[in-house]
Amino acid sequence: MDYNFREIEKKWQKYWQENDTYKVDVDSEKPKFYVLDMFPYPSGAGLHVGHPLGYIASDIYSRYKRMKGFNVLHPMGYDAYGLPAEQYAIQTGQHPAITTEKNIKRYREQLDKIGFSYDWSREVRTCDPKYYHWTQWAFLQMFGHYYDKATQKAEPIEKLIAAFEANGSADINAAGTEEFEFTATEWKAMSEKDQQNVLMNFRMAYLADTMVNWCPALGTVLANDEVKEGLSVRGGHPVEQKNMKQWLLRVSAYAPRLLDGLDTVDWSDSLKEVQRNWIGRSEGAEMKFCVKDSDVEMDIFTTRADTVFGVTFMVLAPESELVQQLTTSEQKEAVDAYLEETKKRTERERLTEVKRVSGVFSGSYAVNPLTKEEIPIWISDYVLAGYGTGAIMAVPGHDSRDFAFAKHFNLPIIQVVVPSGEEATDPATWEDSKDSKEGVMINSGFLNGMNVPDAIEKTKEYINEENIGKVKVNYRLRDAIFSRQRYWGEPFPIYFKDGVAYPLTEDQLPLELPEIDKYLPTESGEPPLGRAKEWKTKDGYPLELSTMPGFAGSSAYYLRYMDPKNDEELVSEEANSYWQDVDLYIGGTEHATGHLVYSRFWNKFLFDLKKVCKDEPFRKLVNQGMIQGRSNFVYRVKGTNQFVSLNLRKEYDTTPIHVDVNMVSNDILDTEAFKNWNPEYKDAEFVLEDGKYICGWAVEKMSKSMFNVVNPDVIVEDYGADTLRLYEMFLGPLEAHKPWDTNGIDGVHKFLRKLWRLFYDASGNVNVSDEKATAEELKTLHKTIKKVEDDILRFSFNTSVSAFMICVNELSSLKCNKKEVLEGFIGILAPFAPHICEELWKVLGNEGSITEAEFPVLNEDYLKENNFTYPVSFNGKMRFKLELPVDMDRAEIEKTVLENEASQRWLDGKTPKKVIIVPKKIINVVI
RNA sequence: GCCCGGAUGGUGGAAUUGGUAGACACGCAGGACUUAAAAUCCUGUGGCCAUUGCGGCCGUGUGGGUUCAAGUCCCACUCCGGGUACCA
């Protein structure tokens with residue numbers, strides 16, 4: 001019988017489904033292991049071969065762990081809310097729920113064909129009311145809590161109210177947007193509305209004014225991605241910066257804990273580094289600068305307090321509240337014009353266009369608190385309102401952006417730090433600022449002669465003593481904007497009474513997404529939910545019109561998988577205390593700063609509420625690389641319908657044209673398929689080389705427009721799921737970005753057929769022997785067990801595939817058909833290629849599924865070697881090999897080597913200076 | 001600009017802790033089997049020189065350095081990919 005992968009794969013997929021092979025439950029008898037994939041957004045295009053890369057890796061690991069005796073939780077679901085479905089709905093009127101359902105069905109079919117070991121009974125969908133019930137619930141908890149900096153955790157808002165009633169704001173140490181001061185009496189005298197406004201300032205989920213990209217023509221808010229050069233990508237309408245009330249999550253309150261938690265998780269150093277940079281802790285000083293002829297004070301934050309003698313001007317962010325107060329009447333016109341100009345630029349543009357220097361003088365002067373000098377206050381968009389205090393002291397001598405600004409506007413530059421190994425020079429001659437943190441202070445009064453770190457310390461002390469500021473730790477992590485003016489997302493369980501936001505009670509959850517007539521904003525510019533009929537509480541109060549963003553549903557899905565059908569709570573204590581946290585999380589790096597920060601925040605919040613038992617949700621995290629597309633080209637002779645093969649094209653004047661990679665095999669074009677591809681090419685003529693049309697190629701993004709999208713079902717149809725699984729792993733290291741190239745897939749498929757032939761004879765009959773295996777056969781098997789297990793544990797699946805190939809090649813050469821060896825081999829291969837191994841497991845006479853078998857145990861005894869073949873080098877160059885007993889001592893090795901005939905040739909009569917012997921590694925003779 | 005990756009044959013890649021560079025596979029070339037094809041098997045395959053044999057020299061993006069020994073460590077640079085919130 002031949003290796004009939006189509007039949008085998010269908011048969012075992014059916015078996016697994018009928019026998020609930022992958023269903024898991026809490027089982028206190030077994031240790032748990034939780035393997036999670038980042039769940040996909042079910043797009044209309046279906047899965048391409050890039051998606052399963054991480055899923056295959058995690059599946060191999062899950063199956064391995066299961067064979068090692070663990071109770072493995074390995075679930076899958078869908079991140080089902082998202083813009084594409086809504087965009088499609090706007091264009092076609094088709095309800096996003098319908099397209100989403102359709103896409104999910106297609107995804108499921110594709111996933112099922114690859115043979116994953118998911119427990120589908122635990123599937124979650126973020127758009128299912130039974131699921132988003134708990135997203136809304138978590139939001140209500142955030143609304144009802146604040147962050148207490150004293151206890152370093154979330155506390156009920158009632159605790160804050162009690163404190164206000166007892167002592168006013170006096171004892172409060174809570175994370176808030178603004179600072180308040182009031183007495184208990186004043187608090188009690190406040191109106192309900194004023195009290196609620198104060199509380200809003202402290203809630204973990206709160207409403208506040210934020211700058212957004214507002215597109216008046218589309219009546220909607222746009223993401224940075226959707227804006228290019230001040231115009232909307234869709235439609236090309238003008239976009240402006242607009243202040244709007246939005247819900248935010250106080251992620252910044254958790255910045256210190258999000259930073260510290262990174263030390264406890266097993267993630268790559270680069271990923272941790274990216275998160276650390278994102279959280280961005282910086283120690284510095286907040287300083288007060290008085291404004292001349294005014295009682296206005298400017299607070300600025302700086303990490304380089306030591307350079308305060310080099311300050312020659314101040315800069316305000318255009319959005320700063322101080323701008324209006326500090327603009328003089330003479331400058332008003334110029335400032336207004338500038339503000340109007342910056343309104344058109346998105347934050348992204350302000351960030352990338354570093355070389356474009358712009359700004360305007362406010363007309364006011366500040367007084368340097370140390371030198372008492374008067375310095376001009378400018379306004380420029382290189383200072384952002386959202387970070388620090390929205391105002392800076394500019395030190396053009398030692399900050400490159402300040403330097404560029406000073407040069408552009410002809411402002412003075414003073415050198416206050418002389419970098420180590422340099423002399424003081426005239427700043428007028430400089431090409432750039434001297435940002436170094438090493439050097440000696442000059443022109444700096446009492447700091448003169450100190451090195452930079454000492455000067456920073458000294459200045460901080462001085463600032464404290466003189467009461468002109470305070471030492472402060474600043475984080476760049478911002479609160480997350482949590483509302484979207486969209487339809488296809490979770491509704492907020494919030495209603496408004498007299499303009500004040502109030503929460504729905506928990507028994508009113510889930511608040512279901514209403515039906516609307518069109519998926520567009522209302523005529524008056526309200527979000528789509530403004531179209532919903534009866535979108536109000538039963539008492540007639542209007543409900544919130546925004547919906548939640550994509551990351552709402554994905555922030556706690558890993559908890560829901562633990563107990564997906566629970567209608568009473570997000571996750572039961574029993575399920576949570578058994579499954580605890582994700583042991584292995586596999587997904588793309590693109591989530592390094594978004595999802596992975598938000599879900600850690602979300603988890604820590606729930607941890608504070610004692611709803612979950614672990615402070616960090618993802619113990620180990622592996623990033624799979626992106627699979628890029630490999631495009632193919634044909635070369636059309638200009639002005640004709642003639643196509644020239646790759647290596648002949650230089651003789652013609654040609655245009656390269658993308659051709660669908662599915663019509664190309666090993667870069668050879670199926671010319672008939674090409675003719676039928678497009679009516680335009682029906683009469684195409686070909687100039688062939690060696691009777692073939694060879695295509696050119698390039699690595700590009702995998703996309704429809706490049707015709708380089710490869711669909712996994714096509715590969716499964718042609719080669720089988722086991723081949724696809726092995727080939728995706730064989731392609732290269734899991735973490736590396738690599739192009740998809742079907743050219744090598746035959747090798748992997750051939751390997752499986754070769755394996756099959758170890759079990760069957762030439763006439764197709766099972767031919768397996770019960771004889772005792774030879775030492776050589778056992779050595780081959782056990783060296784493979786060792787290598788593969790080692791590789792699985794370090795996620796080096798590409799090298800395990802070659803180890804499998806080497807093993808089968810060796811067993812084929814040995815003509816080994818011993819059951820003992822073959823059974824061991826399919827045991828280690830089963831996590832990678834489960835279908836063929838299930839079948840062969842049965843061929844060997846076993847009952848049931850190989851997933852229940854134990855992973856083969858390594859026996860080191862079979863690997864013992866008496867001799868080692870040493871590479872012998874002379875001056876580091878390998879010259880010949882010499883087999884020596886492993887127990888030979890150094891002196892004897894040296895003697896044997898030097899006496900060797902080949903050595904005599906290389907020594908050429910000289911005495912070696914040194915002989916380096918590394919046992920079981922190398923011998924190097926230094927002459 | 002800043003942050004994080006990466007660069008090894010014609011191609012994907014291997015070399016896990018500084019110790020035989022190119023495992024494994026694709027492709028290519030030659031051969032066996034076959035009426036033929038497919039399938040399968042065997043041999044060769046980094047470059048240059050020599051090829052009568054032993055072989056020799058060069059070689060992991062570029063230029064330096066450390067070391068008995070460097071793809072691997074250090075310094076400087078080039079190019080490519082990804083992220084990005086000018087974070088003072």
Side-chain angles (χ1 to χ4, degrees), chain A residues 2 224 268-274 276-278 280 282 284 300-304 307 315 347-348 350-355 380-384 386-389 391-395 398-402 404 435 474-478 588-590 592-594 623 625-626 628 630 666-667 697 699 701 727 730-733 735-748 750-751 753-754 757 762 787 790-791 794 796 798-799 801-806 809 812 869-881 905 912-916 918 920-927:
Chain A
D2 263 352
N224 282 334
S268 73
D269 288 338
S270 60
L271 184 62
K272 285 189 191 183
E273 196 58 27
V274 168
R276 285 199 187 100
N277 292 339
W278 193 256
S282 59
I300 61 99
F301 175 77
T302 180
T303 52
R304 291 299 299 274
T307 58
V315 188
E347 206 167 13
R348 172 90 46 106
R350 284 166 65 172
L351 152 92
T352 41
E353 295 168 21
V354 190
K355 284 177 190 113
S380 172
D381 64 4
Y382 81 93
V383 175
L384 296 186
Y387 184 77
T389 58
I392 63 155
M393 61 176 215
V395 187
H398 305 285
D399 180 285
S400 54
R401 289 169 314 253
D402 297 346
D435 297 3
N474 214 10
Y475 293 90
R476 68 195 277 261
L477 183 69
R478 287 189 207 157
T589 19
E590 65 271 23
T593 50
N623 287 125
M626 212 179 52
Q628 296 150 315
R630 187 180 187 278
N666 286 338
D667 291 334
W697 61 276
V699 173
K701 211 178 205 128
Y727 187 59
F730 189 58
L731 220 44
E735 283 102 332
H737 297 233
K738 53 218 163 229
W740 175 262
D741 179 356
T742 321
N743 285 354
I745 200 163
D746 281 332
V748 170
K750 268 188 220 162
F751 153 74
R753 283 209 303 260
K754 205 163 173 180
R757 286 201 303 274
K787 170 76 179 152
D790 199 38
D791 284 348
R794 59 192 183 98
S796 176
N798 54 329
T799 50
V801 178
S802 25
F804 288 134
M805 289 172 169
I806 292 167
N809 288 347
S812 300
T869 307
Y870 280 94
V872 182
S873 304
F874 288 78
N875 287 341
K877 278 194 203 318
M878 206 280 286
R879 295 304 180 181
F880 62 92
K881 288 175 188 171
R905 232 183 86 218
K913 286 190 193 133
K914 213 199 285 186
V915 178
I916 287 150
V918 184
K920 288 169 93 175
K921 276 266 164 70
I922 198 168
I923 297 164
N924 189 16
V925 183
V926 186
I927 311 170

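A, B, ... follow the sequence lines: proteins, then strands. Residue 1 opens every chain.
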- Task: Can you tell me the distance, in whole Å, between the CD atom of Glu273(A) and the C1' atom of G5(B)?
- Result: 13 Å
- Message: Counting the atoms with a prime plus P, OP1 and OP2 as sugar-phosphate, which does Pro739(A) contact under 4.0 Å by heavy atoms, base, sugar-phosphate, or nothing?
- Response: nothing
- Query: Contact class for Lys787(A) (heavy atom, under 4.0 Å): base, sugar-phosphate, or nothing?
  - Reply: base
- Task: Select base, sugar-phosphate, or nothing to describe what Asp402(A) touches, counting heavy atoms under 4.0 Å on all strands.
- Result: nothing
- Message: Tell me the interatomic distance from Lys913(A), atom NZ, to C68(B), atom P, rounded to whole angstroms.
- Response: 10 Å
- Assess the side chains of Thr799(A) and Asp791(A): does a donor N or O sit below 3.5 Å from an acceptor N or O? yes
- Message: Counting the atoms with a prime plus P, OP1 and OP2 as sugar-phosphate, which does Asn277(A) contact under 4.0 Å by heavy atoms, base, sugar-phosphate, or nothing?
- Response: sugar-phosphate
- Message: Whole angstroms only, please: what is the OH-P distance between Tyr475(A) and A88(B)?
- Response: 13 Å
- Query: Tell me: CZ of Arg401(A) to P of C2(B), nearest whole Å?
  - Reply: 11 Å
- Task: Write down the distance between CZ (Phe874(A)) and C1' (C68(B)), rounded to a whole number of angstrom.
- Result: 13 Å
- Item | Length of the line joining Asp791(A):CG and C24(B):P, which is rounded to integer Å | 15 Å
- Item | Separation between the C1' atoms of G5(B) and G64(B), rounded to whole Å | 24 Å
- Query: Which part of the nucleic acid, if any, lies within reach of Leu731(A) when heavy atoms closer than 4.0 Å are counted: base, sugar-phosphate only, or nothing?
  - Reply: sugar-phosphate
- For U17(B) versus A88(B), give the span between their P atoms, rounded off to a whole number of Å. 35 Å
- State whether Asn743(A) places a side-chain N or O below 4.0 Å from either non-bridging phosphate oxygen (OP1 or OP2) of G10(B). no
- Distance, P atom - from C57(B) to U66(B), rounded to whole angstrom: 23 Å
- Looking for any heavy atom pair under 4.0 Å, which part of the strands does Leu477(A) touch: base, sugar-phosphate only, or nothing? base
- Query: Under 4.0 angstrom, heavy atoms only, what part of the nucleic acid is Asn809(A) near: base, sugar-phosphate, or nothing?
  - Reply: sugar-phosphate
- Task: Identify, between Arg879(A) and Lys914(A), the residue whose nearest nucleotide on RNA chain B lies closer to the 5' end.
- Result: Arg879(A)
- Message: I want to check one thing: is the phosphate of A88(B), taken as OP1 and OP2, less than 4.0 Å away from some side-chain N or O of Ser282(A)?
- Response: yes
- Give one of base, sugar-phosphate or nothing for Thr799(A), where a contact means two heavy atoms less than 4.0 Å apart. sugar-phosphate
- Task: Describe the nucleic acid contact of Phe301(A) in one word from base, sugar-phosphate, nothing, applying a heavy-atom distance below 4.0 Å.
- Result: base
- Task: Examine the side chains of Lys754(A) and Asn809(A) and answer whether a donor and an acceptor come within less than 3.5 Å of each other.
- Result: yes
- When Thr389(A) and Leu271(A) are each assigned the nearest nucleotide of RNA chain B, the 5'-most assignment goes to Leu271(A)
- Message: Heavy atoms only, 4.0 Å cut-off, all strands: where does Ile806(A) land among base, sugar-phosphate and nothing?
- Response: sugar-phosphate
- Item | Watson-Crick or G-U pairs under 3.5 Å in RNA chain B, rendered as dot-bracket with [ ] for crossing pairs and | for another strand | (((((((..(((......[....)))((((((.......))))))((((.....))))..(((((..]....))))))))))))....
Check the interface with nucleotides 39-43 of chain B: list each N/O to N/O pair with the protein under 3.5 Å, or write none.
{"unit_1": "A39(B)", "atom_1": "O3'", "unit_2": "Arg753(A)", "atom_2": "NH2", "d": "3.3"}
{"unit_1": "U40(B)", "atom_1": "OP1", "unit_2": "Arg753(A)", "atom_2": "NH2", "d": "2.6"}
{"unit_1": "U40(B)", "atom_1": "O3'", "unit_2": "Arg757(A)", "atom_2": "NH2", "d": "3.2"}
{"unit_1": "C41(B)", "atom_1": "OP1", "unit_2": "Arg757(A)", "atom_2": "NH2", "d": "3.2"}

- Integer angstrom distance from the P of U16(B) to that of C79(B): 30 Å
- Message: Applying a 4.0 Å non-hydrogen cut-off, can you work out what Ser796(A) is touching in the nucleic acid: base, sugar-phosphate, or nothing?
- Response: nothing
- Do the ring planes of Tyr727(A) and Trp740(A) sit parallel (below 30°), tilted (30 to 60°) or perpendicular (above 60°)? perpendicular
- Message: Below the 4.0 Å mark, does A7(B) have OP1 or OP2 next to a side-chain nitrogen or oxygen of Lys738(A)?
- Response: no
- Task: Looking at every strand, decide which applies to Arg276(A) at a 4.0 Å heavy-atom threshold: base, sugar-phosphate, or nothing.
- Result: nothing
